[in-house]
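Written out below as structure tokens is the structure these notes cover.
Reckoned from all heavy atoms, side chains included, excluding hydrogens, waters and symmetry mates.
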Amino acid sequence: MTASPNPGAVPPSRSESASEPAPVRPLNFIEQIIEADNASGKWNKRVHTRFPPEPNGYLHIGHAKSICLNFGLAKKYGSNGRAGKFNLRFDDTNPAKEEQEYVDSIKRDVKWLGADWEGPNGGGLFFASDYFDKMYEFAQDLIRKGKAYVCDLSAEEVAARRGKPGVPATSPWRDRPAEESLRLLEEMKQGKWPNGAKTLRARIDLASPNFNLRDPVMYRIVHEHHHNTGDAWCIYPMYDWAHGIEDSLEGITHSICTLEFEDHRPLYDWFIDAINVGRTGDEKINHAQQIEFAKLRPTYTVMSKRNLLKMVQDKIVSGWDDPRMPTISGLRRRGYTPEAIRAFCEDIGITKVESFIDIARLENAVREHLNKAAPRAMAVLRPLKLVIENWPAGKVDELDFVANPEDPAAGTRKVPFSGELYIERDDFMEVPAKKFFRLAPGIEVRLRWAYFVKCTSVVKNAAGEVIEVRCTYDPATRGGDSPDGRKVKGTIHWVSAQHAVPAQVRLFDRLFTAEQPGKRTENWMDDLNPNSLEVVKAFIEPHVAAALIPGNTWERGGGFQFERLGYFYADQDSRPGALVFNRTVTLKDTWAKEAAKA
RNA sequence: UGGGCGAUGGUGUAACGGUAGCACGACAGAUUUUGGUUCUGUUUGUCCAGGUUCGAAUCCUGGUCGCCCAGCCA
């Protein structure tokens with residue numbers, strides 16, 4: 001069977017809805033393959049995908065693309081009684097690198113993203129190690145068929161004999177009798193040989209221009225404790241040998257992987273075909289179609305597990321879940337939502353073109369979702385005191401604010417107002433710049449949802465810095481509207497000084513200053529952004545104290561839009577009386593852009 | 001100088017021999033009690049050279065550029 005896509009074979013199903021002018025996203029090439037398969041009856045309209053991570057690290061945004069793709073396909077083609085299923089499968093074939101901690105984190109992240117392997121489209125949870133017995137039987141089968149042999153060459157010798165383009169590889173053990181290979185494989189399995197002493201190799205083609213076919217290793221000896229099977233095994237299957245069998249045993253129809261496996265597809269197919277030689281009808285094992293797509297490469301970050309691990313080990317970040325990390329756990333801690341990540345993955349599309357995705361698109365996706373979802377609050381990150389000279393001494397006014405102008409169902413909140421407030425330092429200029437619409441001497445602005453105030457004077461310290469702004473307010477503007485219809489050009493946010501809750505706010509910037517870290521110097525560490533974390537002591541509107549609840553999530557009120565600033569999410573480091581917020585992302589800021597021009 | 005894959009505005013993505021469209025960005029304007037949101041408009045593209053064809057992003061030939069492959073990693 002060939003796995004080469006033939007997208008033109010069948011008219012895309014979108015023609016069915018030709019009468020509907022509603023714009024639908026065009027099918028990506030994988031959807032086209034699936035629809036062609038459904039039309040031809042190749043899989044009897046079955047669609048079964050899987051996400052097959054190796055538990056050797058935490059999942060990152062690139063994995064999210066694969067998860068959304070695979071689960072999305074199962075969901076999309078699983079309606080109307082058809083069987084669209086999605087498996088989560090751990091490809092745990094290398095105990096030297098794999099750990100239970102990673103299994104646990106991966107399960108949490110996949111579920112959080114909404115790819116529910118136990119839900120309506122769930123095919124279940126699996127481990128490659130569940131199939132070790134079956135794989136061993138298949139290996140014996142291949143030896144008997146003359147399609148595999150035990151090789152005594154060391155790793156170094158194999159490398160030396162690998163050959164070159166045009167020069168074949170060699171192995172002196174290629175024609176070892178099947179009975180002998182069978183016996184030696186059993187000895188390997190029994191633990192009679194040390195690591196590296198022998199391998200089981202597929203007998204394919206030592207002269208193939210595709211080096212993957214030059215008698216690849218199927219089993220190697222690894223005396224190592226496995227997180228799942230303990231010490232039951234000391235030989236472990238290689239990816240190429242294992243993966244197709246895993247797919248086959250689970251009934252996977254479309255085995256989706258990334259581009260670097262294109263060269264492995266002939267091998268994937270060879271192994272399944274080799275097992276099926278001599279089998280008929282129901283004896284034949286399932287043969288999925290491997291399909292490769294381009295992995296996600298966002299700008300301003302690194303993605304390889306090796307590099308992410310190094311940042312963790314070198315304490316450049318606080319851990320795998322540092323909110324600056326492109327990991328799922330980092331994004332979650334930063335305040336990203338599954339909805340936003342899914343929308344992003346949908347937005348970037350699926351192709352075989354290796355392109356860079358501007359990380360701003362991810363930031364856009366979270367803004368878009370949080371604009372609808374986030375309740376509003378006010379917070380002042382860099383406080384400047386504002387005193388209202390004509391405010392009645394000791395008076396506190398309690399005002400009703402809408403919780404979210406984008407979501408009427410969110411209701412209202414109560415916010416205390418008094419004669420001493422904090423405003424944002426950036427919202428005052430003693431000598432206003434061009435197009436600066438905020439507070440300045442003699443200028444009247446609106447305090448959001450409260451009153452108009454006009455600046456009368458400033459108080460400075462010995463260094464000449466403004467440390468206090470003095471204003472008068474207009475009592476007739478309560479709520480933020482002037483009965484006489486006069487307009488102000490600016491609206492600024494504030495918190496009442498005596499009611500404000502202090503909080504630590506962590507402001508994150510990108511981890512790297514270059515779009516492609518390491519491109520210039522070959523060393524990605526050279527492009528680290530030394531200012532990717534700024535911690536400020538902020539004052540926050542009192543009702544956000546709900547964010548003190550340990551284990552906050554968006555659902556439980558852990559996230560807010562701090563008006564005019566951005567989206568913020570209660571960090572797990574928060575303690576009663578010591579709030580910590582992470583800035584998920586800023587709001588778009590056209591004033592900052594304008595100011596930067598000048 | 002072996003094999004595999006790819007190339008469409010600034011970025012991403014459509015087109016399946018028949019008007020190069022969409023999204024994001026950028027720019028301009030309108031609305032706005034967040035310089036947010038929303039709305040409107042503008043802008044920019046088929047890697048190159050030949051060929052086939054009434055007609056080519058699409059098919060053919062040859063180039064160019066980029067990525068992947070010689071782990072007992074996945």
Side-chain angles (χ1 to χ4, degrees), chain A residues 7-9 11-12 23 25-28 32 52-54 56 91 93-94 96-98 151 153-156 158-159 162-167 169 195-201 208-214 216-222 235-236 238-240 242-243 257-266 292 294 299 305 347-358 360-361 364-365 367-368 371-372 376 378 401-402 405-406 435-438 446-450 452 477 479-481 487-493 561-566 586-595:
Chain A
R25 175 177 63 73
L27 299 180
N28 64 49
Q32 292 185 14
E54 182 187 17
N56 67 344
D91 208 0
T93 57
N94 185 359
K97 293 186 175 179
E98 296 153 7
C151 177
L153 256 26
S154 70
E156 297 72 31
V158 170
R162 181 75 58 187
K164 286 185 291 201
V167 180
N195 288 357
K198 297 184 188 309
T199 57
L200 182 71
R201 289 228 252 166
S208 175
N210 180 349
F211 277 62
N212 295 128
L213 264 21
R214 312 252 272 211
V217 172
M218 295 164 63
Y219 275 105
R220 76 286 212 189
I221 300 168
V222 181
I235 58 170
Y236 290 91
M238 296 287 288
Y239 168 87
D240 289 302
H243 204 85
C257 60
T258 45
L259 251 29
E260 66 267 32
F261 291 100
E262 279 179 316
D263 284 342
H264 295 246
R265 193 173 64 227
E292 311 86 13
T299 54
K305 286 178 187 170
D347 182 46
I348 58 178
I350 301 294
T351 66
K352 298 188 71 159
V353 184
E354 297 183 279
S355 52
F356 280 96
I357 301 291
D358 189 342
R361 296 176 82 107
N364 261 336
R367 280 193 194 100
E368 198 169 334
N371 178 51
K372 302 290 183 206
R376 314 286 129 127
M378 292 196 292
F401 295 1
V402 301
E406 300 288 327
K435 296 190 190 170
F436 184 81
F437 301 148
R438 294 134 54 159
R446 173 169 38 237
L447 295 175
R448 176 79 161 155
W449 298 121
F452 285 11
T477 57
D481 266 324
K487 302 285 187 200
V488 289
K489 293 198 82 171
T491 299
I492 65 175
H493 60 274
Q561 183 196 106
F562 291 163
E563 292 203 68
R564 301 210 305 132
L565 296 174
T586 62
L587 256 29
K588 279 194 210 160
D589 190 348
T590 51
W591 164 243
K593 208 186 285 182
E594 190 69 38

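When distances run from any side-chain atom of A:Phe436 to the nucleotides B:A14, B:U13, B:G35, the shortest one goes to B:G35. Of the listed nucleotides (B:A74, B:G2, B:A23), B:G2 has the atom at the smallest distance from the side chain of A:Pro209. Of the candidates B:A23, B:G2, B:C72, B:A23 carries the atom nearest the A:Arg361 side chain, counting heavy atoms from C-beta on. The listed nucleotides are B:A26, B:G71, B:A14; the one nearest the side chain of A:Asn28 is B:A14. Checking B:G6, B:C69, B:U11 against the side-chain heavy atoms of A:Val353 singles out B:G6 as nearest. For A:Leu587, taking side-chain heavy atoms from C-beta onward, the closest of the listed nucleotides B:A7, B:A74, B:U34 is B:U34. Among the nucleotides B:U11, B:C5, B:C73, the one closest to the side chain of A:Lys352 is B:C5. For A:Glu406, taking side-chain heavy atoms from C-beta onward, the closest of the listed nucleotides B:G4, B:C72, B:U37 is B:U37. Here the nucleotide nearest the side chain of A:Thr351, chosen from B:G71, B:A14, B:U37, is B:A14. Side-chain atoms of A:Phe437 lie closest to B:G35 of the nucleotides B:G36, B:A74, B:G35.
Nucleotides B:G18 and B:U53, compared at atom C1', are 12 Å apart to the nearest Å. When the C1' atom is used for both B:U13 and B:G9, the distance is 12 Å, rounded to whole Å.
Taking a pair to require two hydrogen-bonding distances under 3.5 Å in either a Watson-Crick or a G-U wobble arrangement, B:C24 pairs with B:G10. For B:C5, the paired base is B:G66 (Watson-Crick or G-U wobble, both distances below 3.5 Å). Applying the Watson-Crick and G-U wobble criteria (two distances, each under 3.5 Å), B:U38 pairs with B:A30. B:C59: Watson-Crick or G-U partner is B:G51, with both key distances under 3.5 Å.
Taking side-chain N and O atoms only, A:Arg162 has no distance below 4.0 Å to OP1 or OP2 of B:C69. Taking only side-chain nitrogens and oxygens, A:Lys305 never comes nearer than 4.0 Å to OP1 or OP2 of B:A74. In this structure, A:Lys164 does not reach the B:G2 phosphate: none of its side-chain N or O atoms is under 4.0 Å from OP1 or OP2. OP1 or OP2 of B:U11 has not a single side-chain nitrogen or oxygen of A:Thr299 nearer than 4.0 Å.
A donor N or O paired with an acceptor N or O is found under 3.5 Å between the base of B:G3 and the side-chain atoms of A:Asp263. Side chain A:Gln32 to base B:C16: a donor-acceptor pair is found below 3.5 Å. Between the base of B:G35 and the side chain of A:Arg438 there is a donor-acceptor pair shorter than 3.5 Å. Residue A:Arg25 places no side-chain atom within donor-acceptor reach of the base of B:U13, judged by atom type and a 3.5 Å distance cut-off alone.
When the nearest nucleotides of RNA chain B are assigned to A:Lys487 and A:Asn210 by heavy-atom distance, the more 5′-ward of the two goes with A:Asn210.
The aromatic ring of A:Phe211 does not sit over the base of B:A70; the criterion of centres under 5.5 Å apart with planes under 30° is not met.
Annotation for A:Asn210 and A:Pro266: closest pair ND2-CG, 3.8 Å, computed over non-hydrogen atoms. Contact detail for A:Phe401 and A:Met378: the closest heavy-atom pair is CE2-CE, 3.7 Å.
For the pair A:Lys97 and A:Glu54, the salt-bridge criterion is not met [side-chain N within less than 4.0 Å of a carboxylate O].
Environment of CD in A:Glu262: crowded, with over 12 heavy atoms of neighbouring residues, nucleotides or ligands closer than 6.0 Å.
Going from atom CG of A:Asp589 over to atom P of B:G36 covers 8 Å, rounded to whole Å.
B:G71 shows a glycosidic angle within 90° of 0 and is accordingly assigned syn.
Across all strands shown, A:Glu563 has heavy atoms under 4.0 Å from base atoms, whether or not it also approaches the sugar-phosphate.
Taken to the nearest 0.5 Å, the NZ atom of A:Lys487 stands 8.0 Å off from the CZ atom of A:Phe452. To the nearest 0.5 angstrom, A:Glu292 atom CD is 9.0 Å from A:Asp263 atom CG.
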